[in-house]
There are 2 protein chains.
Amino acid sequence: MSTVENPADKTGAPAPVGPAAPATLHDVAREAGVSLATASRSLNGSTRRVADAYRDRVLAAAAKLDYSPNLSAQAVARGSTMTVGLVVSDIADPYFSSIAAGAMRVAEESGLVVTMAVTGRSPERELEIVRTLRGQRPRIILLAGSRSQGSAVRDALIGELQSFEASGGRVVMISQRDLPFATLSLDNDDGAFELATTMAGFGYRRFAVIAGTANVRTSLDRVDGFRRGLLAAGVDSETVVVETEFTRDGGYDAGRRLLERGLDDIELVFAVTDVMALGAMAAFRESGVEPGRDIAVAGFDDIPTVRDVTPALTTVRAPLVDIGERAVRLALGDDFDRASVDAVPTTVVVRASTPRR
Amino acid sequence: MSTVENPADKTGAPAPVGPAAPATLHDVAREAGVSLATASRSLNGSTRRVADAYRDRVLAAAAKLDYSPNLSAQAVARGSTMTVGLVVSDIADPYFSSIAAGAMRVAEESGLVVTMAVTGRSPERELEIVRTLRGQRPRIILLAGSRSQGSAVRDALIGELQSFEASGGRVVMISQRDLPFATLSLDNDDGAFELATTMAGFGYRRFAVIAGTANVRTSLDRVDGFRRGLLAAGVDSETVVVETEFTRDGGYDAGRRLLERGLDDIELVFAVTDVMALGAMAAFRESGVEPGRDIAVAGFDDIPTVRDVTPALTTVRAPLVDIGERAVRLALGDDFDRASVDAVPTTVVVRASTPRR
DNA sequence: CTGTTAGCGCATTCAA
DNA sequence: TTGAATGCGCTAACAG
């Protein structure tokens with residue numbers, strides 16, 4: 001790494017003595033020769049009940065002084081903010097970044113500023129985040145990502161969130177239904193069910209499942225749904241379940257473990273997320289086991305890249321961006337119901353990784 | 001979508017009359033029977049110069065009242081915040097989500113809250129975002145993503161950012177070196193250069209380049225570097241250049257256009273980003289042209305998924321997460337230099353999509 | 001160590 | 001319509 005002076009920096013002025021305080025509304029008012037109130041009304045007041053002559057002078061002064069309204073001060077004075085807090089498990093995971101993209105889109109449409117935080121799937125960290133988020137006094141807190149079962153901090157989280165709601169905030173959970181808040185819940189169970197029956201219909205009879213660790217609700221639901229689907233389709237063979245991390249590398253690891261165990265009695269591997277499926281496929285291929293030919297693989301979520309891998313991955317589509325958008329709209333709605341549970345439907349998408357047998 | 005009452009909501013209390021204002025520090029002080037100052041010192045003051053007896057009473061009162069410090073009020077009173085503003089082109093793009101992941105990691109480590117915004121690659125939107133970000137009085141503003149050349153709002157953006165710096169803020173640009181601010185700049189040129197010479201060394205002689213639209217700096221640099229590399233390697237055949245959007249679908253579209261044109265005189269296609277390369281590969285394969293066999297493909301960035309596609313994609317690695325981390329560290333550094341340009345080295349990663357000829 | 005007081009930047013009520 | 005005054009929730013002198 002080399003460090004050089006930036007040639008684009010052409011300011012020939014002598015080094016400034018230090019940070020000058022930004023212009024305040026007071027400065028603008030003085031510059032324009034009007035009162036604080038008039039300046040405030042011209043700049044930020046919604047209904048403009050200011051004479052044009054004054055208004056223009058204020059605007060000119062603001063431009064000249066390069067005025068930027070202090071949002072914190074506005075928040076204190078108004079007693080409300082234009083903020084939405086978004087907490088996700090891992091922003092580099094396409095699942096969450098897609099949801100975030102949707103959420104941010106409609107948030108910004110509504111003039112809201114999004115502050116984001118990452119839990120890394122740690123319940124403690126999540127609690128901590130919600131705590132500081134609360135301090136922001138956001139209008140909305142969005143929690144995306146599976147919460148763990150029986151976590152010690154669960155009650156504290158609920159308490160924190162309830163306090164937030166008690167003071168007029170709105171919370172929306174994405175992807176869970178086990179906390180007493182408005183929820184946008186993926187049909188994990190149904191989606192996996194339908195995937196299982198579809199695959200059984202394709203002639204598959206012997207399955208393995210790559211699941212998340214046992215305390216992750218989303219994983220549990222998907223595994224259960226898949227199992228129910230197999231049952232409903234009359235599949236009676238035992239299904240192998242491998243637990244692993246909720247990541248690509250977790251999937252890879254699970255794939256390796258399946259290989260070690262032997263794949264002879266397995267026709268199809270269902271990974272509870274696409275990212276994990278991708279990892280597993282990589283592991284298989286590395287050992288000369290070709291996905292889609294030697295072994296069928298299916299995932300869940302339909303993240304953008306799975307249509308671009310080879311073979312393209314069969315999966316259950318979750319309308320991720322849409323979910324993000326809806327979560328914010330839901331929270332913004334006049335008819336917001338803090339006890340509502342909205343189920344987001346999923347659809348099975350069959351691709352080359354699961355050919356008919 | 002169905003809406004039902006959430007069974008987990010077991011609060012049997014009568015409907016609350018309306019949002020109760022959150023407890024203030026004043027409330028806590030009164031509850032604890034101490035002064036405002038003492039409450040403040042016990043709760044938020046860094047150096048605890050408060051008698052334990054008092055402290056405990058304050059803490060208890062805070063817990064009882066479920067007190068949450070109002071960050072906006074703190075910001076106003078202190079005259080500073082713990083915020084960093086991060087602006088990216090598209091958070092669903094792995095390139096940016098990886099950078100964001102890195103940035104958020106060290107930001108949170110430093111106790112900073114990240115507020116994020118998405119430009120959608122619109123310079124106007126970017127300006128607007130920086131304006132409102134300025135209002136937050138963040139400590140840092142991070143701009144990731146290529147700015148367009150000759151944009152009409154360029155000067156306004158510079159002005160806004162300079163005002164921000166003038167009042168003590170720090171701005172770091174990621175991936176550009178054409179704006180007069182501290183810059184963390186990928187070696188786009190060198191990386192593409194090295195890729196070109198490596199590919200020439202593999203025996204490739206006839207190339208096509210899938211580029212972004214002509215005003216995107218990153219694209220220009222990568223195309224130029226690639227061309228220079230070919231020249232240096234003694235390749236004298238003309239290189240076909242196709243311009244398209246900076247997205248997967250843009251790459252797909254460019255791939256289709258190349259197919260229509262005919263691929264007979266092309267041995268290797270270099271897409272200026274991995275995402276675009278993935279799109280192009282999909283287009284090729286759809287037409288029966290097998291990447292890695294019928295045509296070689298290379299990308300740039302080394303986003304996580306490209307090692308999981310088939311054939312795995314040859315690319316130029318940009319340490320994205322690392323870049324995000326370093327950007328924040330750079331901004332936080334005691335020796336911050338607003339004119340510095342730090343070049344982030346890249347490395348060529350050869351994979352199956354570009355076999356030796 | 002504690003309490004009183006004066007702001008921080010801004011919105012808004014109330015008179016004028 | 002405009003301006004003066006009050007208050008938002010909190011921190012930081014300052015004096016006790």
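The sequence lines fix the lettering, A, B, ..., with proteins before strands; numbering per chain opens at 1. Just the heavy atoms: all of them, side chains too, but no hydrogens, waters or symmetry mates, feed the values below. Quick caveat, the model's predicted, so the values are computed rather than measured.
Across all non-hydrogen atoms, the minimal contact from A/F181 to A/I158 is CZ-O, 3.7 Å.
Regarding B/R41, its CZ atom lies at a distance of 10 Å from the C1' atom of D/dT11, rounded to whole Å. Look at NE2 on B/H26: it is 13 Å from P on C/dG3, rounded to the nearest Å. In this entry the distance linking CG of B/L25 with P of D/dC10 reads 5 Å, nearest Å. Here the C1' atom of nucleotide D/dG9 and the CZ atom of A/R134 are 15 Å apart, to the nearest Å. Distance, B/R55 CZ to C/dT2 C1': 15 Å, rounded to whole Å. For the pair B/L71 CG and D/dC10 P, the computed distance is 10 Å after rounding to whole Å. Rounded to whole Å, the distance from OH on A/Y54 to C1' on D/dG3 is 10 Å. At whole-Å resolution of the value, CZ in A/R57 and C1' in D/dT1 are 14 Å apart.
In this structure, the nucleotide among C/dC10, D/dC10, C/dG9 sitting nearest to the side chain of B/A73 is D/dC10. The side chain of A/Y67 approaches C/dC10 more closely than any other nucleotide in the set C/dT2, C/dC10, D/dG9. Side chain of A/A37, nearest nucleotide from D/dG3, C/dG9, D/dA13: D/dG3. With C/dG9, C/dC1, D/dA12 as the choices, the nucleotide that has an atom nearest any side-chain atom of B/R49 turns out to be C/dC1.
Residues B/G33 and A/V76 each lie close to DNA chain C; by heavy-atom proximity, the contact nearer the 5' end of the strand is made by B/G33. Ranked by how close their nearest DNA chain C nucleotide is to the 5' end, A/N70 and B/T38 are led by B/T38.
If you check every strand for non-hydrogen atoms under 4.0 Å, B/A51 touches sugar and phosphate atoms only. As judged by a 4.0 angstrom heavy-atom cut-off over every strand, A/S40 is placed among the base-contacting residues.
A 4.5 Å side-chain heavy-atom check between A/D178 and A/R154 finds at least one atom pair inside the cut-off.
The side chain of A/Q74 places no N or O atom within less than 4.0 Å of a non-bridging phosphate oxygen (OP1 or OP2) of C/dC10. OP1 and OP2 of D/dC10 both lie 4.0 Å or more from every side-chain N or O belonging to B/N44. Proximity of A/T24 to the phosphate of C/dG9: no side-chain N or O atom is located under 4.0 Å from OP1 or OP2.
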*When you look at B/T38 and B/S35, which way does the side chain to side chain donor-acceptor pair (under 3.5 Å) test go after all the steps?*
CA-CA 5 Å; B/T38 300; B/S35 76; 3.2 Å; yes
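For the pair B/E108 (side chain) and A/V118 (backbone), a donor-acceptor distance under 3.5 Å is present.
A/Q74 CD to A/M82 CE: the interatomic distance, rounded to the nearest 0.5 Å, is 10.0 Å.
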